[in-house]
Engineer: 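Quick one: the structure is below, questions incoming.
All ligand and atom numbering here is 1-based and tracks the order in the structure.
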Amino acid sequence: MSTVKPLKIALIIGSLRKDSVNRKFAEYMVSQMPDHVSVVECRIDDLPHYNEDIDTDTPPESYSRIREQVKDADALLIVSPEYNRTIPGGVKNAIDVLSRPFKNSVLTGRKTAFVTASPSSYGGRSCGFDLRKTMLPFEAPVLLAPEIYLSNAYDALDDEGNFTNERTQKYLKKFVDALVEFAEGK
Ligand code: FNR
């Protein structure tokens with residue numbers, strides 16, 4: 001009898017607001033993961049702005065926590081809005097935290113995947129490109145396809161703000177399947 005190896009995905013949601021459309025999309029993706037996949041959401045709202053002076057042998061607890069969560073995962077998924085044509089400060093801060101200690105970063109070689117969403121017609125694409133760029137120093141394998149920049153994101157929500165749009169759900173399901181294969185190394 002073949003056993004399926006459990007898979008762990010660390011998830012960063014780039015928006016901190018409670019009604020975030022990115023959160024809704026991320027939660028849908030989590031709901032579509034197969035049973036052998038567990039997703040750990042990594043908080044980013046309590047990470048102090050990255051500062052080498054506090055990143056000592058005893059760093060802030062939140063720095064250690066997110067580093068452990070990502071280290072423990074087969075892949076890192078970031079689902080994020082775009083702010084001012086690039087990466088929201090909170091997400092960039094989390095990447096900076098994860099990038100240290102120098103030469104011993106948990107991002108080194110870590111499989112990563114990105115989804116961006118925006119009410120605009122560009123879908124946060126500029127942020128998506130910049131996120132990919134941040135992984136270059138770590139030689140982190142990035143899931144290249146399908147590329148998902150969800151445009152007109154609010155249109156995917158119904159009058160109550162629930163994510164019900166079947167076409168967008170289909171895209172995201174396809175992305176989830178690709179992500180699981182990628183994380184499994186297939
Ligand atoms: C935005 N927004 C935005 N959208 C975009 O497509 N490109 C951009 O450059 C920006 N810039 C930007 C800056 C700031 C500070 C805010 C607050 C917003 C709009 C953004 O896409 C929209 O608010 C999304 O709904 C944010 O995602 P969540 O919070 O719904 O997940």
Engineer: Heavy-atom distance under 4.5 Å between the side chains of Pro34 and Val180, does that happen here?
Structural biologist: yes

Engineer: At what distance, to the nearest 0.5 angstrom, does CZ of Arg110 lie from CG of Leu98?
Structural biologist: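 Arg110 CZ to Leu98 CG: 9.5 Å, rounded to 0.5 Å.
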
Engineer: Check for me whether the distance between the ring centres of Phe129 and Tyr149 falls short of 6.0 Å.
Structural biologist: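 Ring centres of Tyr149 and Phe129 closer than 6.0 Å.
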
Engineer: At a 4.0 angstrom heavy-atom cut-off, what protein residues surround ligand 1?
Structural biologist: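 Close residues (ligand 1, cut-off 4.0 Å): Ser15, Arg17, Ser20, Val21, Asn22, Pro81, Glu82, Tyr83, Asn84, Arg85, Ser118, Pro119, Ser120, Tyr154.
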
Engineer: Within the side chain of Lys111, is there an N or O that forms a donor-acceptor pair under 3.5 Å with the backbone of Phe182?
Structural biologist: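 Between the backbone of Phe182 and the side chain of Lys111 there is a qualifying donor-acceptor contact (under 3.5 Å).
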
Engineer: Does a salt bridge link Arg65 with Asp46, judged by any charged N lying under 4.0 Å from a carboxylate O?
Structural biologist: yes

Engineer: Check this for me: Arg17, atom CZ, are more than 12 non-hydrogen atoms of other residues, nucleotides or ligands nearer than 6.0 Å?
Structural biologist: yes

